[in-house]
Asker: 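There's a structure below that I have some questions on.
Just so it is clear, the values below take in all heavy atoms, side chains as well, and ignore hydrogens, waters and symmetry mates. The model shown is predicted, which means the values in this text are computed figures rather than measured ones. So that the names make sense, note that chain A is the first sequence line, chain B the second, and so on, each numbered from 1.
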Amino acid sequence: AQSVTQLDSQVPVFEEAPVELRCNYSSSVSVYLFWYVQYPNQGLQLLLKYLSGSTLVKGINGFEAEFNKSQTSFHLRKPSVHISDTAEYFCAVSDQGDDKIIFGKGTRLHILP
Amino acid sequence: DSGVTQTPKHLITATGQRVTLRCSPRSGDLSVYWYQQSLDQGLQFLIQYYNGEERAKGNILERFSAQQFPDLHSELNLSSLELGDSALYFCASSVGFVDEQFFGPGTRLTVL
C-alpha cells in the first residue's frame with residue numbers, strides 16, 4: 001500500500017532564508033503528488049500538485065516542488081521564507097487509478113525572526 | 001474561505017454517545033471526503049463519496065458511517081464514542097476524483 005514519509009516533523013528556519021521540506025512516497029507506480037498547507041486554526045489548502053509533465057512544479061506563495069521518480073521524492077522548496085509561511089505542510093500522494101489520497105504526517109515550519 | 005462549510009464548529013460530548021457532523025461542499029463539487037486529524041495519527045482519510053455513492057474507503061472505524069444526500073451535502077455519524085475519537089474532523093470537496101480538494105474549517109470533537 002502507498003505511504004508517505006515526511007522526514008522532518010518540525011523545521012526551524014530564519015526569515016528570508018531558503019527552506020526545503022522533504023517528502024518521500026513508497027510506491028514507484030504512477031502517482032499524483034500534492035503539497036497542502038494548513039495555517040493555524042484553518043483547514044488545508046492546496047499549494048501545488050504534480051499530475052504529469054514537467055517535474056518542476058510551481059505553486060502559490062513562491063513555493064515549488066520537484067518530482068523525482070527514481071528517488072520517489074517530491075520535496076518542497078522556497079528560496080526565501082516569510083513570517084507568514086508559518087504553518088504545517090502536508091505532502092500527499094495518490095496512485096493513478098485510485099481515488100484515495102494518502103497524506104504524510106506533516107512538517108511544521110517555524111520561521112525565526 | 002474555501003466554500004466548504006462544516007457544522008458544528010465545536011462539539012463536546014461524553015463517551016458512548018453518538019454525534020453527527022455535517023458538511024456542505026462547494027457549489028458544483030460532486031466529491032466529498034472526510035478526514036480525521038489528531039496529534040498522534042496525523043491526517044487520516046476516512047471515506048469519499050461521489051455524487052451520492054461511496055467511492056473510496058480509508059481508515060474508517062465500523063462505529064463511524066457517512067452518507068451523501070441528493071443535494072450533495074454529507075454527514076459523518078460517529079457512534080459509541082471513545083476518548084480516542086477526540087480529534088478535528090475535516091470535510092473536503094472536489095469537482096471529480098483526483099482533483100484539488102477544498103477543505104472546510106473542521107469540526108473539533110471532544111469526547112469526555
Asker: With a sphere of 6.0 Å drawn around CG of Asn41(A), does it hold more than 12 non-hydrogen atoms of other residues, nucleotides or ligands?
Answerer: no
Asker: What's the spacing between Gln38(A) CD and Leu88(B) CG if we round to 0.5 Å?
Answerer: 7.5 Å
Asker: What part of Asn59(B) lies closer than 4.5 angstrom to a heavy atom of chain A: side chain, backbone, both or neither?
Answerer: neither
Asker: Between atom NZ of Lys105(A) and atom CD of Gln37(B), what is the distance when rounded to the nearest 0.5 Å?
Answerer: 11.0 Å
Asker: Should we count CD of Glu16(A) as having more than 12 external heavy atoms under 6.0 Å?
Answerer: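 No, the 6.0 Å shell around CD holds no more than 12 heavy atoms from other groups.
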Asker: Just how far is it from atom CG of Leu46(A) to atom CZ of Phe102(B), taken to the nearest 0.5 Å?
Answerer: 7.5 Å
Asker: State the OG-CD1 distance between Ser94(B) and Ile101(A), to the nearest 0.5 angstrom.
Answerer: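 That separation rounds to 7.5 Å.
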Asker: Using heavy-atom distances under 4.5 Å, tell me whether Tyr35(B) contacts chain A through its side chain, its backbone, both, or neither.
Answerer: side chain
Asker: Does a sphere of radius 6.0 Å around CD in Glu62(B) hold more than 12 heavy atoms from other residues, nucleotides or ligands, not counting ones at 6.0 Å or beyond?
Answerer: no
Asker: Crowded around Phe14(A) CZ? As in, over 12 foreign heavy atoms under 6.0 Å?
Answerer: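 Not more than 12 within 6.0 Å, no.
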Asker: Is the count of non-hydrogen atoms from other residues, nucleotides or ligands lying under 6.0 Å from Arg26(B) atom CZ greater than 12?
Answerer: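 Yes, because the 6.0 Å sphere around CZ of Arg26(B) holds more than 12 heavy atoms from other groups.
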Asker: Can you tell which of Gln44(B), Arg108(B), Gln101(B) has the highest number of heavy-atom pairs within less than 4.5 Å of chain A?
Answerer: Gln101(B)
Asker: Is Leu44(A) linked to Leu46(B) within one hydrophobic cluster, defined over Ile, Leu, Val, Met, Phe, Trp and Tyr using a side-chain heavy-atom separation of less than 4.5 Å?
Answerer: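 The answer is no; the residues belong to distinct hydrophobic clusters.
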